[in-house]
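Below: the structure, in C-alpha cells.
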2 protein chains.
Amino acid sequence: MVGIKDIAREAGTSVSTISNVLNGKKNVSEATRERVLNICRELSYYPSVTGRALKVGNNNTIMFNFSDFDRSFYLKIMKGISDYVNDNDFDLIICTNKSGEKYMRNNLSRGCIILDKMMKDNVLLSVANPNYPIVVLDRMLDHRCIKSVVVNNYDPMKEMVHGLVQRGYRKFGFLGGPEYTTDNKERYEAFKDALEEDKIPFRQKFYFKGDYKEKSGYSAAKIMVSTQMMPEILVCANDNMAIGAIKAFNSYGLNVPADIAITGFDDCDLAGAMGLTTISIPNYERGFMAARYLIENIRGEMNTEPFMIPAKIKWRSSVLEFKSKKI
Amino acid sequence: MVGIKDIAREAGTSVSTISNVLNGKKNVSEATRERVLNICRELSYYPSVTGRALKVGNNNTIMFNFSDFDRSFYLKIMKGISDYVNDNDFDLIICTNKSGEKYMRNNLSRGCIILDKMMKDNVLLSVANPNYPIVVLDRMLDHRCIKSVVVNNYDPMKEMVHGLVQRGYRKFGFLGGPEYTTDNKERYEAFKDALEEDKIPFRQKFYFKGDYKEKSGYSAAKIMVSTQMMPEILVCANDNMAIGAIKAFNSYGLNVPADIAITGFDDCDLAGAMGLTTISIPNYERGFMAARYLIENIRGEMNTEPFMIPAKIKWRSSVLEFKSKKI
DNA sequence: TTGTAAGCGTTATCAC
DNA sequence: GTGATAACGCTTACAA
C-alpha cells in the first residue's frame, strides 16, 4: 500500500507538506502542490481512512443500519439517504445487524441512521452524544442527540378503516406484524380505535399474528380458511403479509375482493400490480429527510424534535366500492 | 470514547494484558481475564476498528459495492452476501459509487464484491492483489486475484427466442439496456444468434435503446406505437423496461399478449405478478456464492476461474402459447 | 514555505 | 503471566 511517506520520499519533501497539500492548507507553494498532486496521481495514492480517522477522531462518513432484506422499499430509503449524503460530500456506509454497533462505537462514522429493529434502544441511548448524533426511523426515542423520523401510521390507518366501514364492511379481521414494533402497535391501535368510534365490535379471535413476511400472511390465511374464521375484510399490518394472504385465498379458489377483501400497508411495487388497497409511505423522502437531519445535526444544529412523515391511502381493487349488506 | 487504556487503568494492568485478553491469547491468568472482561462490559468498551485496522493492516471485513437502486433484486444479492459473511464471522460494509474506491484502498476491508457498473475495470485491476482479492459480478476480468461471477445470459436467452419462434412469432423487436454493459451485450448477441439460426431476419430499426429503467421502456414503447413500428414480440433486456413497455402499451389500449407480446429478463417481483415471461436469475445464491469465493480467496485459496450462474426461463402470460400465423 | 515530532488506539516483540 | 515500547498512517502544533 502506498502511503504518505512514499509520496514524501518521491517528492523530496516531508510528510507534513504532503498532508498540507492534501488538506488544502494554504501554507504550501504552488510548485510543491502541483508536484505532490502529480505524484499522488502517478502512484495512485489514496489517503488511509483509518490513519486519518484515528488521528482526527472523525471523518465525513455516516452509517446506515438495517437488516430486513424482505422489505424491498428499503432500497428507496437507501437511495434517499445516498442522494442527500452525496450532495453534501459525506460518505455513506451501510451495514446490517451486528456489525452496526461495532462501527458506531468508533470514529469511523460521525453519526448514523438506524432502521434495524434489532438494534436495542439502550445501545442507541448510550452511544448518542453531541459528537455522534443519531436519527432513528420508525421508533421514538427521547434523547437530546437522537432525532426520530417516524411515519404517521395512525391517522391514515384510522381513516382507511372508517372508509371500509362506509363501504359496508362490518366483520373485520386484523393480521398483525411483530408485536414489539412501534409501527405494528400504531397500526393496530388505529384499527381498533376506528372500529370503536364506528361502534363495530372486534373480537380478539379475529386478530392473527404474523411477522411482516409474505409467508406468515400465507399461513395465517390458510388457517382462516381451514378453521372457517373468515372475516369480510382482512386488514393487514403490511403489504407482504397481505400479498401472502391473497395468494393463499386464491389457492383455495377464493376471490379477492368478492369473497374476502384485503388491505395492506407500505404500497410496495407488488401492491400496485396486484391492486392491493394500501397506505403509501414516501420512502425516498423518508431516507432523504433522515440524512438531512443527521447531517444538519452533525454540523451542530441538534434539532431533535420528532419528525412525522405523512402517509396516504391508495384505494384499489382489493376492496369493493360498495359491499352489498348481507340480508 | 473509552479505550484500551481506560480499561488498563481501571484493571490496574498494562494495555498489553488487555489486548491479550481481548484477542484470546493464552498467556494471561484466568483471574485477570475475568476481571478485565467484566470491566470492559461495565464501561461498555468496544475496541476501535480504526486503531486495530491501522496496526494489523486488516480486519475481517469485506465490502460490497453497488449503486443502482432501481434494481430491487439487489436486496436479494445483499442478503445472500450478508448471510454467508455472518456465518463466517466476517463483517460486511456496503457502499455506493464513489465511496467504494476510497474504502478499497485502505485496510478497512480485506476484499470486496463489486456490482457497481461505474467502478472502472482498471481501478479494480490495479487494486487487486493477493492480500486484497476481489469478486466482480456481471463482468469478466482477467487477473489472478479477481474472480468473476457471471450470469449465463446467453444460453437461456437463445433458448427463449427459439421458443418464441416455435410459438409462431416472426417479427421481433429488441429493447436493449446500456450498451457498455456485458449483460446487455450477451443478451442481444443471443437474441441475434437465435434468430439467425432460425433464419428469421432482424432489422436494425427494430432495435430500441433503453437504460434498464422502467421509464426508458415506457418511452420506447410510446415511440413504437406512435411511429407504427410495432413488432409482434418485443424482447426486452430486462424486466423494468418490459414493465414500462407494458404500461405504455396498455395506456394506448393495446393488449399484451394479444396485440403485442413481451418478454423481460431478471424475474423481479413485479414480473411474477404481471405475468411477464422472463428469465429468472437466482440472486440470493449469486450473492452467497460471491461472498463464499471472496472469503475463500481471502483465506488463501485464490481460485479465480470465472463462475457461471445458470438462469431459467419462466414462461408466463405475456406471450401467447400459439400465435396464429398471419394470413 | 517547510520540517520535526508527538500522538490517535491498537497489537507484536521482547524483556522481565 | 505481565509490562514497556515501537509501530501502523495520518494530522497538527510548533520550530526553523
Side-chain angles (χ1 to χ4, degrees), chain A residues 1-37 39-40 43-61 91 102-110 131-132, chain B residues 1-37 39-40 43-61 91 102-110 131-132:
Chain A
M1 194 185 134
V2 29
I4 205 171
K5 279 185 199 160
D6 303 294
I7 308 294
R9 192 176 343 98
E10 197 68 21
T13 83
S14 73
V15 290
S16 23
T17 302
I18 311 295
S19 173
N20 286 331
V21 170
L22 262 34
N23 293 288
K25 297 286 195 312
K26 62 276 148 201
N27 59 346
V28 44
S29 73
E30 199 46 46
T32 355
R33 151 168 276 108
E34 283 278 301
R35 191 153 42 90
V36 167
L37 254 21
I39 296 177
C40 288
L43 304 191
S44 62
Y45 162 75
Y46 279 75
S48 156
V49 231
T50 48
R52 176 162 217 289
L54 188 53
K55 176 64 187 161
V56 169
N58 69 56
N59 53 26
N60 280 350
T61 302
D91 285 305
K102 190 186 295 195
Y103 293 133
M104 282 184 344
R105 304 279 186 174
N106 291 275
N107 33 27
L108 245 189
S109 57
R110 285 182 64 178
N131 290 313
Y132 197 89
Chain B
M1 194 183 135
V2 30
I4 205 172
K5 277 183 197 159
D6 304 292
I7 308 295
R9 193 177 341 99
E10 196 69 20
T13 82
S14 72
V15 291
S16 359
T17 301
I18 310 295
S19 175
N20 287 332
V21 171
L22 262 34
N23 293 288
K25 297 286 196 315
K26 62 277 148 199
N27 59 348
V28 45
S29 74
E30 198 46 45
T32 4
R33 152 168 274 110
E34 284 278 302
R35 192 155 40 91
V36 167
L37 254 21
I39 296 177
C40 288
L43 304 190
S44 62
Y45 161 76
Y46 279 72
S48 154
V49 230
T50 47
R52 178 164 213 288
L54 186 54
K55 174 64 187 160
V56 170
N58 70 57
N59 53 26
N60 280 349
T61 301
D91 285 306
K102 189 186 294 194
Y103 293 133
M104 284 184 344
R105 305 280 186 172
N106 292 276
N107 32 27
L108 245 189
S109 59
R110 286 183 61 178
N131 290 315
Y132 198 89

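All heavy atoms count here, side chains included; hydrogens, waters and symmetry mates do not.
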- Item | Under-4.0 Å side-chain N/O to phosphate OP1/OP2 contact, B:Ser29 with D:dT2 | yes
- Item | B:Lys26 NZ to C:dA12 P, straight-line distance once rounded to whole Å | 10 Å
- Task: Compare side-chain N and O positions of A:Lys25 against OP1 and OP2 of D:dT12 and report whether any pair is under 4.0 Å apart.
- Result: yes
- How far does OG of B:Ser14 sit from CG of B:Asn20, to the nearest 0.5 angstrom? 8.0 Å
- Task: Would you kindly give the CG-to-P distance between A:Asn27 and D:dT11, to the nearest whole Å?
- Result: 13 Å
- Counting only side-chain N and O atoms of B:Arg52, is one of them less than 4.0 Å from OP1 or OP2 of C:dG9? no
- Separation of D:dG9 atom P from A:Leu108 atom CG, nearest Å, is 17 Å
- Query: Tell me, do B:Cys40 and B:Val21 make a side-chain contact under 4.5 Å, heavy atoms counted?
  - Reply: no
- Query: When the distance from NZ of B:Lys5 to P of D:dG3 is rounded to whole Å, what number comes out?
  - Reply: 16 Å
- Looking only at side-chain N and O atoms, does B:Thr50 come under 4.0 Å of OP1 or OP2 in C:dT10? no
- Query: What's the CD1-P distance between B:Ile18 and D:dG1, to the nearest Å?
  - Reply: 16 Å
- Message: Nearest 0.5 Å, please: how far is OG in A:Ser109 from CG in A:Asp91?
- Response: 11.5 Å
- Can you find a donor-acceptor N/O pair under 3.5 angstrom joining the side chain of B:Ser16 to the base of C:dT11? no
- Note on the structure: Whichever of B:Asn23 and A:Thr13 has the more 5' nearest nucleotide on DNA chain C, that residue is A:Thr13
- Distance, nearest 0.5 Å, that separates CZ of A:Arg35 from CD1 of A:Ile18: 8.0 Å
- Task: Would you indicate, yes or no, if D:dG3 has its OP1 or OP2 atom less than 4.0 angstrom from a side-chain nitrogen or oxygen of B:Ser14?
- Result: yes
- Query: D:dG9 P sits how many Å from B:Leu54 CG, rounded?
  - Reply: 7 Å
- Task: Take the protein atom NZ of B:Lys102 and the nucleotide atom P of D:dC10, then report the distance between them rounded to whole Å.
- Result: 13 Å
- Message: What contact category does A:Thr17 fall into here, base, sugar-phosphate, or nothing, at under 4.0 angstrom with non-hydrogen atoms?
- Response: sugar-phosphate
- Whole angstrom is fine here: how far is it from NZ in B:Lys55 over to C1' in C:dT13? 9 Å
- Note on the structure: The single option from A:Val2, A:Val36, A:Asp6 that satisfies side chain to side chain contact (heavy atoms under 4.5 Å, CB included) with A:Tyr45 is A:Val2
- Task: Check every atom of D:dC10, C:dT10, C:dT1 against the side chain of A:Ile4 and return the nucleotide holding the closest atom.
- Result: D:dC10
- From D:dG9, D:dT11, C:dT10, nucleotide with atom closest to A:Ser48 side chain: D:dG9
- Item | Distance test, side-chain N/O of B:Tyr46 to OP1/OP2 of C:dT10, below 4.0 Å | no
- Message: Check this one for me: any side-chain N or O of B:Ser19 less than 4.0 Å away from OP1 or OP2 of C:dT11?
- Response: yes
